[in-house]
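Just below is one structure, and these are the notes that go with it.
This chain uses plain numbering: 1 for the first residue, then up along the sequence. Note: hydrogens, waters and symmetry copies are ignored here, and every other heavy atom, side chains too, is used. Start at 1 and go down the list; that is how both ligands and their atoms are numbered.
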Amino acid sequence: MKFADLHLHTQFSDGTFTPEELAEHGARLGFAALALTDHDSVEGCARMAAACAAADIEFIPGAELTAEYEHMELHILGYFLDTQNQKLLTEIAKFQAVRQNRIREMVVLINEQGVPLEADSVFALANCKSPGRPHVARAMVKAGLVSNLDEAFERFLKKNRPAWVPKAKVSALEGINLIHQAGGLAVMAHPGLNRTDEIIPALADAGLDGIECFHTKHSTATSGRYLEIADKFNLLVTGGSDCHGFSKGKPLIGGIKLPYEHVEKLKQAVAARHSSLVIRH
Ligand code: AMP
Ligand code: ZN
Ligand code: FE
Ligand code: FE
């Protein structure tokens, strides 16, 4: 049986694997298709496409956007994105600039706690345009300012701790439109983690294409609930491990094996979208 993992992160956001390492793991585990979904970035897609091609794995270019709807945070996955799309790249560049400013703000707040972390050490460690809290935590461990990542989050970075800074979010409807105009499909990520069930009907109305029913943090019952919701609202079904490499303990790739038939349905939906666009023009 063929299977896929449609939720993966690399060093181009807060994962620890390079695209090549990720493709190597995918090949070792027998995946037929992989999607890269770095936070607010499509930068890793070119290398991942080449690495997957070399390993005879089908590659789907994607990204994970942080969004909000009525003050609720949700993550929206974009699949089959045109990674050269100008508007997508312009908007992503804005999110990335905001992420970089947020790192500086967090470092100032950490300094105010009497802890001498330097912003440049975080940027050097992150070495990507989409830095986040995990990079701050890693830089603190590296500088010997905390003994492990958990301590960094518990003492400074978690919500309601002294260095917590909210993350900029795109409105969910804008996020969906941004993905669509870049030729992609918009999918609600890990709904079981965000508790956003009540907004699924409105987002489905607004053009949401699918929901991530299978995720390493969804129980069997949770996945079952989202399969029913997907069926009810005529949404596509996706799934992925949300592997960040070694940044949260053991790599999660292999934890979700999405049956390939769901990839087929995604591809049919993209093809139908493109042909209807051609007819309309
Ligand atoms: P950000 O996108 O910058 O807000 O960072 C969110 C990332 O930090 C997510 O990938 C979380 O899984 C990770 N994270 C949140 N809490 C912790 C924690 N206690 N230990 C390690 N990573 C965490
Ligand atoms: Zn992440
Ligand atoms: Fe997420
Ligand atoms: Fe993710």
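Inside a sphere of radius 2.8 Å centred on the Zn ion (ligand 2), the protein N/O/S atoms present are D14 OD1, D14 OD2, H39 NE2, H244 NE2. For the Fe ion (ligand 3), the set of protein N/O/S atoms nearer than 2.8 Å consists of E64 OE2, H75 ND1, H190 NE2, ordered by chain and number.
Look at K94 and E91 and you find a salt bridge, because one of the NZ, NE, NH1 or NH2 atoms lies within 4.0 Å of a carboxylate O, short of that distance. Electrostatic pairing of D40 and R99 counts as a salt bridge here, judged by a charged N lying under 4.0 Å from a carboxylate O. Ionic pairing of K158 and E154 is present here: one or more N-O contacts between side-chain nitrogen and carboxylate oxygen are shorter than 4.0 angstrom.
Other residues, nucleotides and ligands place more than 12 heavy atoms under 6.0 Å from the CD atom of Q113. Counting non-hydrogen atoms of neighbouring residues, nucleotides and ligands closer than 6.0 angstrom, the CZ atom of R28 exceeds 12 such neighbours.
For a heavy-atom separation below 4.0 Å, the residues in contact with ligand 1 are D14, R102, G132, R133, P134, D150, F153, K167, H244, K248.
The distance from the CZ atom of R273 to the CG atom of L185 is 5.5 Å, given to the nearest 0.5 Å.
The two residues A163 and I110 have their closest heavy-atom pair at CB-CG1, 3.5 Å. Considering every non-hydrogen atom in both E118 and V107, the closest pair reads C-CG1, 4.2 Å. Contact detail for H218 and C213: the closest heavy-atom pair is ND1-O, 2.8 Å.
In the hydrophobic clustering of ILVMFWY residues, with side-chain heavy atoms under 4.5 Å counting as a link, F246 and I253 come out together.
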D242 and K217: CA distance, side-chain angles, deciding distance, salt bridge (charged side-chain N to carboxylate O under 4.0 Å, His left out) verdict: CA-CA 9 Å; D242 210 351; K217 289 211 175 116; over 6 Å; no
Verify ring-ring contact (aromatic ring centres under 6.0 Å, His included) between H75 and H7, making sure each step is shown before the conclusion. CA-CA 12 Å; H75 294 179; H7 193 151; 8.3 Å; no
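For residues 129-144, the pairs satisfying salt bridge (charged side-chain N to carboxylate O under 4.0 Å, His left out) are E43-K129, with sequence neighbours left out.
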